[in-house]
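Reading through the structure tokens given below for one structure.
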Amino acid sequence: MTRKLLITGFDPFGKDSINPSWEAVKRLPDAIDDCELVKLRLPVIFGEAAETVLQKAAEVCPEAILCVGQAGGRKAVTPEVVGINLREASLPDNAGKTPRNQPVVAGGPAAYFSTIPVREIMEAVKKEGISCALSYSAGVYVCNDLLYTLLHHYAGTAVRAGFIHVPYLPEQTDDQTASMPLETMVRAISIAVEILAITQTE
Ligand code: PCA
């Protein structure tokens, strides 16, 4: 049976009319190695993004879930090491919600480590000459909300979950702000999927 990876990108949010995460995810092939990629576009809405993923995951039963989001201003592709139990919106989400100092999961642990092999992914991406660094904060907005919810939901199970932030695309920025070409992001995410596919069998 083919193995399945659920891979997600986000809608545009804030002042942006494009989100590189979905632009990159939708350009990935439908399969990498023996891994079938099930792609999903998510709303930038607290709670709803994770709910959308969990519903799809219940349907397709993926072995791993890899979520991708935009982190404007970052220079590198950044696999996230940790998700924290905090919602702190500095910008309304796409439903106008602005939670402040709220937990993602009431009574949940403060944090979870990502369960994908972030270091192996970072090393493999860097080896191809692409800027890549581990990140120790996925923020306190919708991306962290999604990562924490997935790690909480799948804690103690075999389903691995992780998150990778990507920089702006060149067309989203002025010359002073860091950006990365779309093809480079697509390549970096493909490498991450290859690493996931290899390490999943170990
Ligand atoms: N980035 C935001 C939410 C959606 C996205 O692409 C974040 O980093 O939380």
Side-chain angles (χ1 to χ4, degrees), residues 6-28 39-56 65-105 108 110-114 116 118 121-122 131-153 161-173 177-182 184-186 188-189 192:
L6 182 54
I7 184 152
T8 73
F10 275 105
D11 283 341
F13 66 104
K15 59 175 177 34
D16 288 300
S17 54
I18 192 170
N19 191 318
S21 64
W22 177 245
E23 295 307 312
V25 166
K26 79 177 180 197
R27 282 171 176 80
L28 292 168
K39 301 169 197 169
L40 191 61
R41 177 175 170 156
L42 302 178
V44 182
I45 300 177
F46 283 98
E48 271 187 53
E51 204 41 56
T52 307
V53 176
L54 291 174
Q55 269 174 26
K56 191 70 176 180
I65 303 173
L66 179 61
C67 304
V68 184
Q70 161 186 311
R74 286 194 189 167
K75 295 187 181 69
V77 169
T78 45
E80 297 293 346
V81 173
V82 66
I84 65 170
N85 194 9
L86 184 65
R87 290 177 168 173
E88 191 89 72
S90 55
L91 171 81
D93 71 10
N94 285 0
K97 296 195 248 181
T98 50
R100 291 275 178 191
N101 195 22
Q102 284 177 19
V104 177
V105 176
Y112 287 100
F113 287 118
S114 166
I116 63 168
V118 284
I121 289 171
M122 182 265 289
S131 289
C132 187
L134 293 183
S135 161
Y136 303 98
S137 173
V140 279
Y141 194 53
V142 178
C143 291
N144 173 73
D145 196 66
L146 170 61
L147 177 60
Y148 182 91
T149 305
L150 295 180
L151 293 171
H152 183 72
H153 184 87
F163 199 100
I164 296 180
H165 266 120
V166 291
Y168 279 136
L169 291 168
E171 62 260 41
Q172 291 177 281
T173 63
T177 313
S179 67
M180 184 177 270
L182 185 56
T184 311
M185 294 182 192
V186 173
I189 299 165

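Just follow the structure's listing: the first ligand is 1, and inside any ligand the first atom is 1.
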Inset, instruction - For residues Ile189 and Ile7, determine if any side-chain heavy atom of one lies less than 4.5 Å from a side-chain heavy atom of the other. - result: yes
Inset, instruction - Give the ring-plane orientation class for Tyr141 versus Phe13, where under 30° counts as parallel, over 60° as perpendicular and anything between as tilted. - result: tilted
Legend entry - Side chain, backbone, both or neither: the part of Asn19 lying under 4.0 Å from ligand 1 by heavy atom: side chain
Legend entry - Subset of ligand 1 atoms that lie under 4.0 Å from at least one heavy atom of His165: 7 (C), 8 (O)
Legend entry - Nearest heavy atoms of Val140 and Leu86, plus distance in Å: CG1-CD2, 3.7 Å
Inset, instruction - Answer whether the closest heavy-atom distance between the side chains of Val186 and Leu28 falls below 4.5 Å. - result: yes
Legend entry - Contacting atoms of ligand 1, where contact means under 4.0 angstrom from a heavy atom of Gly69: 6 (O)
Inset, instruction - State whether the number of non-hydrogen atoms from other residues, nucleotides or ligands found under 6.0 Å of Lys97 atom NZ is greater than 12. - result: yes
Legend entry - 4.5 Å side-chain heavy-atom contact, Ser179 and Leu169: no
Legend entry - Atom indices of ligand 1, in the order listed, that fall short of 4.0 Å to a heavy atom of Val142: 9 (O)
Inset, instruction - Considering heavy atoms of the protein only, find what lies nearest to atom 1 (N) of ligand 1 and give residue, atom and distance to 0.1 Å. - result: Gln70 O, 2.9 Å
Legend entry - Contact (N/O only, under 3.5 Å) between Asn144 and ligand 1: no
Legend entry - Nearest neighbour of atom 4 (C) of ligand 1 from the list Pro20, Cys143, Gly139, Pro12, on a heavy-atom basis: Cys143
